[in-house]
Asker: 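Below is a structure I'd like to ask you about.
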Amino acid sequence: MKCIGCGAILQNTDITKDGYTPIINNKLCQRCFKIKNYGENILSIKKIDSATVIQKINQKAQFIIYLTDFLSISEEIINTYKSFMKPKIFLITKADVIPKNINKEQLKNNIKKVYNLKEDLIFISTINNENINYLRSIIESKKEVFIAGYTNAGKSSLINKLTGSNITTSKNANTTLNFMKIKMQESIIYDTPGIVFHNFIDGYVTKKILKPLTYQLKSKYALKINDFLFNFDIDNNLVLFLNNSVNVMKRKNIFSFPNTLKVKENSDLIIKGLGFIYIKKESILKTNIDLNLIEIRKSIIGDHNE
Ligand SMILES: Nc1nc2c(ncn2[C@@H]2O[C@H](COP(=O)(O)OP(=O)(O)OP(=O)(O)O)[C@@H](O)[C@H]2O)c(=O)[nH]1
Ligand SMILES: [Mg+2]
């Protein structure tokens with residue numbers, strides 16, 4: 001018997017392993033019971049083997065629905081999507097957190113251009129039901145679909161919304177531990193364990209509407225984002241699209257930095273796990289952040305035909 005919350009095989013012998021329940025007839029493992037009844041902050045036990053998950057989806061799926069939220073979009077997310085060799089669609093989840101002043105049509109076109117994506121992108125939200133019925137009609141036209149994506153993308157929340165199922169969801173990584181089969185009318189939906197990022201700052205999950213911060217940062221100042229410092233050689237205009245709980249401060253620049261990077265005008269500096277910074281002017285960036293934690297791309301914000 002599998003736990004109906006996370007898909008782990010139920011067992012009553014080892015409390016340190018997934019699927020543990022004191023009473024073997026329970027439908028939920030103890031971890032899911034605790035997350036559902038005492039809140040979201042219960043950590044997963046198991047580390048998901050991402051390569052195996054990706055391989056299994058690629059082998060078994062006839063149709064893949066791939067999910068990511070807006071702040072997480074990065075090279076790794078896109079490359080994983082491109083590595084799926086089956087008919088597929090790309091959803092941007094948690095559309096309710098995207099700031100209202102962002103034109104979603106333009107955002108969609110920019111993402112497609114920057115990452116060279118041919119397929120359409122669909123914004124979706126389980127909070128305000130954006131495009132839920134549209135997605136339902138796509139799934140109804142298929143015999144079975146696999147919902148795939150990185151951990152915390154909102155896969156299980158979406159399946160609960162579509163089917164009324166009660167899969168466990170939480171802001172911690174790897175809430176879903178196993179493949180799970182859920183029926184929706186005549187179709188079958190598979191929930192899948194979340195893929196885990198190679199390099200990223202853990203613990204920040206997008207849940208509330210993003211409040212972009214605008215900075216005119218003079219070259220004599222450094223921006224301090226949590227413990228990371230960023231300084232530009234010229235006065236620059238920045239817009240910060242970061243998780244709302246990230247700590248941002250301006251500091252007089254008295255620092256010496258291990259890393260120097262050239263940034264083109266209208267770029268995004270992705271800080272993996274936290275979000276990204278729109279950078280207006282071509283400049284030299286100095287920073288103390290590990291270069292594996294950042295990525296620079298042509299901006300997905302703003303008008304690309306400007
Ligand atoms: N604002 C907002 N939050 C969402 C939405 N969908 C999911 N979330 C939140 O995102 C977090 C992760 O959701 P899950 O459904 O557990 O994500 P998952 O992709 O199944 O994660 P794993 O099982 O770890 O792979 C939870 O805290 C959800 O409440 C949405 O449409 N809008
Ligand atoms: Mg899940």
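What you see is a predicted model, and the numbers here were worked out from it, not measured in a lab. In listed order, ligands and their atoms are each counted from 1. In this chain, residues are counted from 1 in sequence order. The figures that follow rest on heavy atoms only: side chains count, while hydrogens, waters and symmetry mates do not.
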Asker: For residues Ile300 and Leu107, determine if any side-chain heavy atom of one lies less than 4.5 Å from a side-chain heavy atom of the other.
Answerer: yes

Asker: Considering both backbone and side-chain atoms of Thr192, is one of its nitrogen or oxygen atoms within less than 3.5 Å of a nitrogen or oxygen in ligand 1?
Answerer: no

Asker: Using a 3.5 Å cut-off on N or O atoms only, is Ser157 in polar contact with ligand 1?
Answerer: yes

Asker: Please say whether more than 12 non-hydrogen atoms of neighbouring residues, nucleotides or ligands are located less than 6.0 Å from CE in Met249.
Answerer: yes

Asker: Go through ligand 1 atom by atom and flag the ones less than 4.0 Å from a non-hydrogen atom of Ser125.
Answerer: 31 (O)

Asker: Looking only at N/O atoms, are Thr206 and ligand 1 under 3.5 Å apart anywhere?
Answerer: no

Asker: For Lys108, enumerate each residue passing the side chain to side chain donor-acceptor pair (under 3.5 Å) test, keeping only those at least two apart in sequence or located in another chain.
Answerer: none

Asker: Considering only heavy atoms, which of Lys208, Met180, Lys94 lies nearest to atom 10 (O) of ligand 1?
Answerer: Lys94

Asker: Before signing off on this row, confirm whether Asn152 and ligand 1 have an N or O atom pair separated by under 3.5 Å.
Answerer: yes

Asker: Answer yes or no: does atom NZ of Lys82 have more than 12 heavy-atom neighbours from other residues, nucleotides or ligands under 6.0 Å?
Answerer: yes

Asker: Taking N or O atoms only and a 3.5 Å limit, does Thr169 qualify as a polar contact for ligand 1?
Answerer: no

Asker: Minimum distance, heavy atoms only, to atom 30 (C) of ligand 1: which one of Ile124, Thr126, Ile98, Thr175 is it?
Answerer: Thr126

Asker: Answer with side chain, backbone, both or neither: which part of Asp96 has a heavy atom less than 4.0 angstrom from an atom of ligand 1?
Answerer: side chain

Asker: Can you list the ligand 1 atoms lying under 4.0 Å from a non-hydrogen atom of Lys155?
Answerer: 15 (O), 17 (O), 18 (P), 19 (O), 20 (O), 21 (O), 22 (P), 25 (O)

Asker: Applying a heavy-atom cut-off of 4.0 Å, say which part of Ala95 lies close to ligand 1: side chain, backbone, both or neither.
Answerer: neither

Asker: Taking only heavy atoms of Gly194, which atoms of ligand 1 are found under 4.0 Å from at least one of them?
Answerer: 25 (O)

Asker: Please determine if Asn174 has a nitrogen or oxygen closer than 3.5 Å to a nitrogen or oxygen of ligand 1.
Answerer: yes

Asker: Tell me, which pairs form a side-chain hydrogen bond (donor to acceptor under 3.5 Å, both in side chains) where one or both residues lie in residues 287-296, sequence neighbours left out?
Answerer: Asp290-Asn292

Asker: Near Asp227 CG, under 6.0 Å, is it more than 12 heavy atoms from other residues, nucleotides or ligands?
Answerer: no

Asker: Contact between ligand 1 and Gly149 is defined here as a heavy atom of the residue under 4.0 Å from a ligand atom; is it met?
Answerer: no

Asker: In this structure, does ligand 1 have an atom that sits under 4.0 Å from one of the heavy atoms of Val97?
Answerer: yes

Asker: Suppose I only count heavy atoms of Lys171 and a 4.0 Å limit; which atoms of ligand 1 are within that range?
Answerer: 27 (O)

Asker: Side chains of Tyr215 and Ile277, heavy atoms from C-beta outward: is any pair under 4.5 Å?
Answerer: no

Asker: Test your reading of the model: is there a side-chain donor-acceptor pair from Asp235 to the backbone of Ser219, 3.5 Å cut-off?
Answerer: yes

Asker: Tell me which donor-acceptor pairs under 3.5 Å the side chains of residues 145-157 have, and how far apart each pair is, sequence neighbours excluded?
Answerer:
residue, atom, partner, partner atom, Å
Tyr150, OH, Glu76, OE2, 3.0
Tyr150, OH, Thr80, OG1, 2.6
Thr151, OG1, Asn174, N, 2.7
Asn152, ND2, Lys171, O, 3.1
Lys155, NZ, Gly149, O, 3.4
Lys155, NZ, Tyr150, O, 2.9
Ser156, OG, Thr176, OG1, 2.8
Ser156, OG, Asp191, OD2, 2.5

Asker: Might you confirm whether atom CZ of Phe33 has over 12 heavy atoms from other residues, nucleotides or ligands at distances under 6.0 Å?
Answerer: no

Asker: Could you tell me whether Lys250 atom NZ has more than 12 heavy atoms of other residues or ligands within 6.0 Å of it?
Answerer: yes

Asker: So with a 6.0 Å cut-off around CD of Glu186, is the heavy-atom count from everything else above 12?
Answerer: no

Asker: Output the list of atoms in ligand 1 that are nearer than 4.0 Å to some heavy atom of Ile127, sorted by atom number.
Answerer: 1 (N), 2 (C), 30 (C), 31 (O), 32 (N)

Asker: Do Ser299 and Asp268 have side-chain atoms, one donor and one acceptor, less than 3.5 Å apart?
Answerer: yes

Asker: Protein N, O or S atoms less than 2.8 Å from the Mg ion (ligand 2), ignoring waters?
Answerer: Ser156 OG, Thr176 OG1

Asker: Just which atoms of ligand 1 are under 4.0 Å from any heavy atom in Lys207?
Answerer: 1 (N), 2 (C), 27 (O), 29 (O)

Asker: Taking side chain as C-beta onward, heavy atoms only, is Asp18 less than 4.5 Å from Gln11?
Answerer: no

Asker: Assess the side chains of Lys36 and Asn166: does a donor N or O sit below 3.5 Å from an acceptor N or O?
Answerer: yes

Asker: Which of the numbered atoms in ligand 1 are under 4.0 angstrom from any heavy atom belonging to Ala153?
Answerer: 19 (O)

